[in-house]
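If you're wondering where the values come from, they're calculated on a predicted model, not measured in any experiment.
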Amino acid sequence: MLIGELSRRTGVSARSLRYYEAQGLLEARRGTNGYRSYDEEAVASVRKIRALLRAGLSTEVIRAVLPCAGGERPEFDWCAELREILDGELAAMDAQIDELRRSRGALVGLLGER
């Protein structure tokens, strides 16, 4: 299928699909006319990428875990180091949340308690 068809079927813009390809998340074959061509599996891949992006993962992390993502939810086949990578991402998010809470508390203090 061409990029327009993949975009229509996934609800993801062609621009985003080209970005995913540039980031090594999605593969396209090139026809003799230079057009991108995707196989049927690309629909599931794009849905996995979107789910992982919604989870707050960077494209770099997604590139590492995508080969282990089976299904469309995604469901994970726990390949080597996947849990360690995701646990590390969760710990980093928790640290960011803690820092934001501290910053918020400091700002509330500056404004006079609300």
Side-chain angles (χ1 to χ4, degrees):
M1 83 187 81
L2 297 178
I3 196 167
E5 173 74 5
L6 182 58
S7 175
R8 185 186 62 71
R9 290 181 59 187
T10 60
V12 175
S13 71
R15 181 177 181 185
S16 291
L17 295 172
R18 286 188 291 273
Y19 175 74
Y20 299 161
E21 185 182 346
Q23 295 299 304
L25 305 178
L26 189 62
E27 272 189 43
R29 292 180 310 279
R30 293 286 185 151
T32 55
N33 57 6
Y35 290 179
R36 290 171 171 84
S37 175
Y38 299 91
D39 59 22
E40 195 62 33
E41 190 176 296
V43 174
S45 293
V46 170
R47 289 182 179 147
K48 288 181 236 180
I49 292 165
R50 298 299 289 187
L52 293 165
L53 285 168
R54 279 191 302 275
L57 299 178
S58 68
T59 55
E60 182 179 342
V61 171
I62 294 171
R63 189 172 38 256
V65 302
L66 197 58
C68 300
E72 288 190 25
R73 281 192 349 209
E75 297 165 353
F76 289 102
D77 297 326
W78 293 100
C79 62
E81 300 177 23
L82 177 59
R83 182 168 291 280
E84 184 179 330
I85 291 169
L86 294 180
D87 282 342
E89 289 297 309
L90 186 57
M93 284 181 190
D94 286 341
Q96 289 175 331
I97 290 168
D98 290 343
E99 183 58 35
L100 284 171
R101 284 189 179 128
R102 281 190 292 277
S103 296
R104 185 184 187 286
L107 184 55
V108 167
L110 290 172
L111 292 171
E113 302 226 9
R114 292 175 118 177

Next item on the list: Look at atom CD of Glu27 and say whether more than 12 heavy atoms of other residues, nucleotides or ligands are closer to it than 6.0 Å.
Entry: no
Check: Among the clusters formed by ILVMFWY side chains lying less than 4.5 Å apart, do Tyr35 and Val43 turn up in the same one?
Finding: no
Next item on the list: Salt-bridge test for Glu40 and Arg9: reply yes if a basic N is under 4.0 Å from a carboxylate O, no otherwise.
Entry: yes
Next item on the list: Under the salt bridge (charged side-chain N to carboxylate O under 4.0 Å, His left out) rule, what do Glu99 and Arg102 come out as? Steps first, then yes or no, please.
Entry: CA-CA 5 Å; Glu99 183 58 35; Arg102 281 190 292 277; 2.9 Å; yes
Check: Rounded to the nearest 0.5 Å, what separation is found between the CG atom of Asp98 and the OG atom of Ser103?
Finding: 11.0 Å
Next item on the list: Begin from the C-alpha positions of Lys48 and Ile62 and carry the test side chain to side chain contact (heavy atoms under 4.5 Å, CB included) through to its verdict.
Entry: CA-CA 9 Å; Lys48 288 181 236 180; Ile62 294 171; over 6 Å; no
Checklist line | Heavy-atom closest pair, residues Thr10 and Leu6 | finding: OG1-O, 2.7 Å
Notebook entry, point to check: Would you find more than 12 non-hydrogen atoms of other residues, nucleotides or ligands less than 6.0 Å from Arg30 atom CZ?
Noted result: yes
Tabulate below the donor-acceptor pairs under 3.5 Å that side-chain atoms of residues 85-97 make, not counting sequence neighbours, or state none.
none

Next item on the list: Spell out, as yes or no, whether a donor-acceptor pair under 3.5 Å connects the side chain of Ser7 to the backbone of Ile3.
Entry: no
Notebook entry, point to check: Would Arg15 and Tyr20 count as a side chain to side chain contact (heavy atoms under 4.5 Å, CB included) if you check the C-alpha gap in whole Å, the side-chain angles of each, and the deciding distance to 0.1 Å?
Noted result: CA-CA 9 Å; Arg15 181 177 181 185; Tyr20 299 161; over 6 Å; no
Check: Can you list the steps and then say if Tyr38 with Leu26 is a side chain to side chain contact (heavy atoms under 4.5 Å, CB included)?
Finding: CA-CA 9 Å; Tyr38 299 91; Leu26 189 62; 3.8 Å; yes
Note to self: Would you compute the distance between atom CG of Leu17 and atom CZ of Arg36 and round it to the nearest 0.5 angstrom?
What the structure shows: 9.0 Å
Note to self: Using 0.5 Å steps for rounding, measure from the CG atom of Leu52 to the CD1 atom of Ile49.
What the structure shows: 8.0 Å
Next item on the list: Can you sort out the partners of Arg63 under side chain to side chain contact (heavy atoms under 4.5 Å, CB included), two or more places apart, ordered by chain and number?
Entry: Gln23, Leu25, Glu60
Item checked: All side chain to side chain contact (heavy atoms under 4.5 Å, CB included) counterparts of Ser37, not counting sequence neighbours -> Arg29
